[in-house]
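The sequence lines fix the lettering, A, B, ..., with proteins before strands; numbering per chain opens at 1.
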Number of protein chains: 2
Amino acid sequence: MAIRPAEQLIHKAAWLYYAHGLRQDEVASQLKISRASVAMYLRKARETGIVNISTSTQLFTDDVMARKVEDAFKLDAVWIAPENAYVADPSTDIAVLAASVFLELVKKGDRIGVAWGRTVYTIADIMSYADLQDVTVVQLCGNLGAPYSYRPDQCTMEIARRLNAKGLNFYAPLVLSTEELAQGLRAEPVIRDQLAGISDCDLALYSVGAVDADSHLVKCGALTPAEMTALRKQGAAGVIAGQVIDAKGEVLDCDYNRRVISADLASLRAIGKRLMVVQEDSKLEPLLAAIAGGLCTHLVVGAHVAERLLEHAGAASKKAS
Amino acid sequence: MAIRPAEQLIHKAAWLYYAHGLRQDEVASQLKISRASVAMYLRKARETGIVNISTSTQLFTDDVMARKVEDAFKLDAVWIAPENAYVADPSTDIAVLAASVFLELVKKGDRIGVAWGRTVYTIADIMSYADLQDVTVVQLCGNLGAPYSYRPDQCTMEIARRLNAKGLNFYAPLVLSTEELAQGLRAEPVIRDQLAGISDCDLALYSVGAVDADSHLVKCGALTPAEMTALRKQGAAGVIAGQVIDAKGEVLDCDYNRRVISADLASLRAIGKRLMVVQEDSKLEPLLAAIAGGLCTHLVVGAHVAERLLEHAGAASKKAS
DNA sequence: CACGGCTCTCGACAAAAGTCAAATCAGCGC
DNA sequence: GCGCTGATTTGACTTTTGTCGAGAGCCGTG
């Protein structure tokens with residue numbers, strides 16, 4: 001296989017084209033190949049992250065609303081995707097923004113924790129490629145043998161692939177049938193090491209789930225709709241990395257949570273940058289819970305959710321005074 | 001001036017085009033402007049660093065020779081520009097590479113020390129734009145009222161401008177006529193603070209000058225050719241940030257050095273990443289001195305100099321054994 | 001209020017980049 | 001040795017992008 005020379009050529013072509021600003025035909029004659037090949041190499045270079053094209057996400061932090069949300073909830077940084085999007089699908093817009101923000105936050109040598117969900121998978125799916133060799137992507141929670149394409153391990157691996165990073169998977173079920181078994185598995189060296197390594201992460205990427213019948217936990221069979229309703233009554237406000245949290249952002253004391261294998265919230269809070277992405281307008285309550293629990297330092301949301309966050313903050317401060 | 005809406009438009013256009021991958025005509029219809037304007041906005045976006053296109057410099061570190069030089073001289077990283085360049089001017093090639101490497105090393109929030117010289121100015125000149133608001137570029141040595149376009153303050157300001165960073169200039173002459181005056185000026189609060197702030201830098205960018213009649217010090221009138229020759233006899237091996245160093249990379253004990261206002265070498269050594277760029281083949285001796293003095297952790301050189309570095313290292317180790 | 005001077009915007013053309021089917025080449029089993 | 005398979009490369013074609021001069025809008029000035 002002539003992959004070595006090809007790799008070299010891709011690098012050289014990318015170098016001449018992007019760094020030196022030569023035209024494709026000039027590159028072609030320098031490298032003594034046809035221009036069409038140059039075009040192909042350049043596409044590969046972009047796809048593999050040999051060249052990085054990134055747009056500043058400043059536009060979305062400059063927003064006054066973003067500043068207000070930052071202040072109101074004491075977050076490190078907030079990005080707001082305009083709702084009156086210029087593009088067809090507003091939820092895609094949030095994911096594209098989230099992917100850019102994510103890439104901006106990642107540094108060389110980082111260890112990144114990734115949770116699971118439709119949102120995270122969408123982000124992974126549209127994320128552009130980058131070449132960050134010494135980055136590790138770890139899975140934050142156990143697996144779910146769901147028929148979905150956004151299984152936890154898929155999210156992790158896809159992001160690792162895009163970044164050209166190492167992917168560290170987590171081969172345990174998210175939820176077991178008994179508490180004892182869960183405890184036993186958590187004590188298992190392979191699993192224990194994985195869980196222990198989570199707090200060493202520099203950056204976490206996750207979303208928050210709603211506590212309703214549409215939740216992934218229900219769709220994947222981890223919980224029945226009835227159990228979900230029951231959890232709601234017990235004070236469940238959201239789902240983070242497979243665990244059910246209450247309105248204060250603490251793990252809900254319930255049978256289900258005790259059977260889950262996932263990063264405990266203290267480990268998550270130990271991660272410096274916790275990037276939370278919320279696409280759906282309906283996830284206001286879970287998001288508030290996550291913020292209350294200090295599970296989020298960096299936030300990407302749509303304008304609509306941002307507005308409602310501010311309304312809520314305003315109401316709360318009024319009540320307090 | 002309709003510059004505010006324009007700024008917004010540039011951001012939006014860049015966002016839709018680069019992040020969402022729309023075509024220019026699609027962007028144009030979304031934004032309700034002509035495609036020609038979109039093309040113009042995109043150019044501006046590239047020029048101002050709203051979008052970043054960077055190519056991985058891996059190709060040049062992958063080189064086995066680069067590894068050998070790293071090992072032989074205990075450097076953190078070495079990049080080697082191939083001498084049989086694909087481009088017209090080999091020295092430009094080194095500068096382009098150096099600029100890429102430099103941009104790769106800069107992080108948000110960094111403080112960067114920049115020295116002066118043709119090499120540094122060339123790098124500044126071809127460096128692409130970036131948007132790093134919270135970066136500070138400081139000048140490492142005093143000014144020289146030369147008729148050259150690569151005055152120390154110019155180098156600093158140009159790099160600051162390209163990075164969209166703050167530029168901190170150094171308004172003192174590089175060399176004074178008496179030692180007393182130099183001492184007095186160094187004690188001056190404005191100057192003292194500047195000099196004291198140098199060791200807080202995260203990254204330094206400089207080259208090394210040769211001790212000959214072609215040196216900038218001679219061309220700018222700081223030293224006469226005769227003085228230069230005399231210094232050589234006293235053991236001068238190179239020039240760093242306006243100061244004359246000996247073969248061990250220490251400040252040469254001479255009248256000239258005592259009259260200079262510049263970063264002292266200890267401050268330079270305190271900077272974490274010291275990127276040295278050498279274009280000319282003739283600068284082998286100064287480079288060896290700089291390396292010996294621990295003034296360089298990251299190195300960008302042409303293949304020819306790299307070869308000679310290795311020869312030298314080989315000879316030295318043979319002699320030692 | 002008309003007048004330059006200024007920048008921004010547009011349409012049309014030229015240049016460059018992307019794409020695809022056909023051709024070429026290397027490796028491999030028969 | 002021969003022909004097959006699959007990947008790579010090429011030339012020709014189409015689409016997309018860059019550029020330029022003309023014209024439109026805006027402001028301060030006489």
List the residues meeting salt bridge (Lys or Arg N to Asp or Glu O under 4.0 Å) with [X], not counting sequence neighbours, and say none if there are none.
X: A:D76; answer: none
X: A:D281; answer: none
X: B:D153; answer: B:R151

For nucleotides 9-12 of chain D, print each protein N/O atom paired with a nucleotide N/O atom at under 3.5 Å, atom names and distance only.
residue, atom, partner, partner atom, Å
D:dT9, OP1, A:Y41, OH, 3.3
D:dT9, OP2, A:Y41, OH, 2.8
D:dT10, OP2, A:S34, N, 2.8
D:dT10, OP2, A:S34, OG, 3.1
D:dT10, OP2, A:S37, OG, 3.0

Throw together a table of side-chain donor-acceptor distances under 3.5 angstrom for residues 112-120 of chain B, partners on residues two or more places apart or in other chains.
residue, atom, partner, partner atom, Å
B:R118, NH1, B:Q279, OE1, 3.3
B:R118, NH2, B:E280, OE2, 2.1
B:T119, OG1, B:Q279, OE1, 3.4

Distance in angstrom units between [X] [atom1] and [N] [atom2], rounded:
X: A:L42; N: C:dA16; atom1: CG; atom2: P; value: 15 Å
X: B:D25; N: C:dT9; atom1: CG; atom2: C1'; value: 17 Å
X: B:E26; N: D:dT17; atom1: CD; atom2: C1'; value: 14 Å
X: A:L16; N: C:dA17; atom1: CG; atom2: P; value: 13 Å
X: A:L22; N: C:dA16; atom1: CG; atom2: P; value: 12 Å

Quick one: does A:D202's side chain get under 4.5 Å of A:K107's, heavy atoms only?
no
Write out all pairs satisfying side chain to side chain donor-acceptor pair (under 3.5 Å) with one or both partners inside residues 97-106 of chain A, taking only residues at least two apart or from two chains.
A:T57-A:E104
The correct set of residues in residues 43-52 of chain B placing a heavy atom under 4.0 Å from DNA chain D is B:R43, B:R46
Any pair counted as salt bridge (charged side-chain N to carboxylate O under 4.0 Å, His left out), so long as it reaches residues 51-60 of chain A, sequence neighbours left out
none
Only distances under 3.5 Å count here; give the side-chain donor-acceptor pairs of residues 161-169 of chain A to other protein atoms, sequence neighbours excluded, each with its distance to 0.1 Å.
residue, atom, partner, partner atom, Å
A:R161, NE, A:E158, OE1, 3.4
A:R161, NH2, A:Y129, OH, 3.2
A:R161, NH2, A:E158, OE2, 2.9
A:R162, NE, A:A124, O, 3.3
A:R162, NE, A:E158, OE2, 2.7
A:R162, NH1, A:D125, O, 3.1
A:R162, NH1, A:M127, O, 2.7
A:R162, NH2, A:D125, O, 3.0
A:R162, NH2, A:E158, OE2, 3.0
A:N164, ND2, A:D131, OD1, 3.2
A:N169, ND2, A:Q139, OE1, 2.6

Side-chain N,O (A:Q24) to OP1/OP2 (C:dG18) below 4.0 Å
yes
